[in-house]
Amino acid sequence: MYGRRGTQLLKELSSCETGQLPALNTDTFDEVIKECKAHSSEVQSLTGKIQEEGLDLATTRNADYFGAAIHHYSIIRNKRCLMAYMYNRAEIIQSLRWKVGRILPQEISVKLNHSEEEYFKNHSSALESYMSDLELDLTVDMVPPKDPYIKVRVLDDIGTLLLSDQSPNLARHSIHFLKRTDAEQFISQGLMEELSD
Amino acid sequence: MAHYYDINEILMEEENITSTFKVGASEVAVLDPCAETSTVEQGAKVELPFWLAQYLRSKEVVTIDVPPCFDKKTRKEVQADVACVDLRSRCPYFYELGCKIAPMIGDRTIGSFLLVAFRGRYQDILRKAHSTAFVVAPKFLTLLTKEETQLYEAAKSSMTAYKKWRVGGTRFERVPILKKRRKPND
């Protein structure tokens with residue numbers, strides 16, 4: 001059936017849990033484009049046939065015309081599927097900058113294709129230049145903290161880092177008292193966990 | 001209002017509608033599996049996806065039938081016990097399709113039928129979302145349409161958030177997209 005392959009792409013995207021990103025399905029994507037080309041040649045041959053018969057394209061309403069119309073509308077439908085696929089992926093990719101940070105972990109970046117990575121980088125640098133103009137980090141937690149420091153446990157060897165007020169040795173399983181703003185990005189990347197009192 | 005890029009809207013439009021061609025159409029063999037030539041003949045009954053049926057209907061090429069999910073049998077089942085009707089297997093986009101198709105076939109009863117079905121099920125979904133245990137996906141989830149599933153998830157997550165707020169606890173969490181990761185050799 002026409003347009004079915006295009007919707008398969010979207011089904012793949014929607015069957016994922018919200019916020020998860022499946023790998024870009026280039027094969028199906030290319031097949032849908034191929035389908036569009038086939039539709040386009042059908043449209044051309046049918047309109048050619050109408051003209052050969054000496055009929056007026058604008059007013060003829062015969063079987064050939066409706067055949068061409070179906071093919072034409074299938075192209076539009078496929079286009080919508082492909083656009084929606086890319087658009088919704090781009091939305092997720094944008095949100096990654098806010099949630100994960102400037103550097104994408106390996107397991108996510110393998111799911112992007114080249115232009116999507118480029119998009120992420122550009123979005124990231126646009127956001128950064130805006131934040132540096134404002135002199136404000138917009139990606140931190142929106143709720144004002146009761147205490148500027150929080151207790152965290154390190155889950156993975158990070159090593160000694162220079163943070164805003166100290167340079168602790170962040171070895172695995174060690175427990176630290178860090179500034180909230182410093183700890184936040186490590187927690188969202190899964191390298192630390194917050195300990196409740 | 002529906003969005004051009006809305007995935008659910010696009011998937012909803014993939015639902016099949018039985019349509020009858022009023023005129024023939026050339027070179028569209030895929031549409032009619034019974035056709036011997038590549039032309040769909042006048043009077044042929046074909047299953048078309050909603051997006052194509054809607055378009056062809058506006059061009060007065062086809063007439064469409066009422067989809068089976070709004071037939072008498074379903075209505076009777078809904079009247080009997082609305083919460084137990086398996087709407088998903090009938091049509092995962094039951095309400096959305098109903099809203100779209102009602103003006104097209106000029107059946108005024110569909111609107112009120114949808115309302116009765118939704119009203120009856122809404123209450124049940126919320127009650128179950130608030131009371132069932134969180135560990136396993138309950139069996140009745142397989143009966144829900146896409147929209148109802150989203151409603152159920154929303155109700156569940158608000159309940160979790162409420163419980164979390166009452167108990168207190170950590171604010172920060174690992175980003176959900178990373179949660180799938182295998183734990184490094186612990």
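Remember, predicted model here, so these are calculated numbers, not experimental data. A note on names: the letters A, B, ... follow the listed sequences, proteins ahead of strands, and every chain is numbered from 1.
Residues A:G67 and B:A25 come closest through the heavy atom pair N-CB, 3.9 Å. When all heavy atoms of A:Y2 and B:W51 are compared, the closest pair comes out as O-CZ2, 3.3 Å. Minimum heavy-atom separation, B:Y4 to A:R80: O-NE, 2.8 Å.
Within a 6.0 Å radius of CZ in A:F177, other residues, nucleotides and ligands contribute more than 12 heavy atoms. Within a 6.0 Å sphere centred on CD of B:Q123, other residues, nucleotides and ligands contribute 12 heavy atoms or fewer. Annotation for A:H123: atom NE2 counts as buried by contact number, over 12 foreign heavy atoms lying within 6.0 Å. Heavy-atom contacts from other residues, nucleotides or ligands closer than 6.0 Å to CZ of A:R102 number 12 or fewer.
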- [ ] Start with the C-alpha distance between A:R77 and B:L52, add both sets of side-chain angles, then the distance that settles side chain to side chain contact (heavy atoms under 4.5 Å, CB included), and finish with yes or no.
- [x] CA-CA 9 Å; A:R77 168 76 179 178; B:L52 191 57; over 6 Å; no
TODO: Decide salt bridge (Lys or Arg N to Asp or Glu O under 4.0 Å) for A:R61 and B:E60; before the verdict, give the C-alpha distance in whole Å, the side-chain angles of both, and the deciding distance to 0.1 Å.
DONE: CA-CA 11 Å; A:R61 293 287 177 271; B:E60 297 191 348; over 6 Å; no
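Residues of residues 26-50 of chain A placed with any heavy atom under 4.5 Å of a heavy atom in chain B are listed by number as A:E42, A:L46. Taking 4.5 Å as the heavy-atom cut-off, the residues of residues 3-11 of chain A that approach chain B are A:G3, A:R4, A:T7, A:L10, A:K11, ordered by number. Scanning residues 63-71 of chain B against chain A with a 4.5 Å heavy-atom cutoff picks out nothing at all.
Looking at residues two or more places apart in sequence or on another chain, you find no ring-ring contact (aromatic ring centres under 6.0 Å, His included) involving A:Y149.
Only the side chain of A:Y65 comes within contact range of chain B, judged by heavy atoms closer than 4.5 Å. Looking at A:N88, the atoms closer than 4.5 Å to chain B (heavy atoms on both sides) all sit in the side chain, from C-beta outward. For A:A183, no part lies near chain B; criterion is any non-hydrogen pair under 4.5 Å.
Each of A:E91, A:H71, A:E193 has some count of heavy-atom pairs under 4.5 Å with chain B, and the biggest count is that of A:H71. In terms of heavy-atom pairs under 4.5 Å with chain B, the best-connected choice from A:C81, A:A63, A:A84, A:A68 is A:A63.
In this pair, B:Y5 and A:Y87 present their aromatic rings parallel. The plane angle is below 30°, not in the 30 to 60° band.
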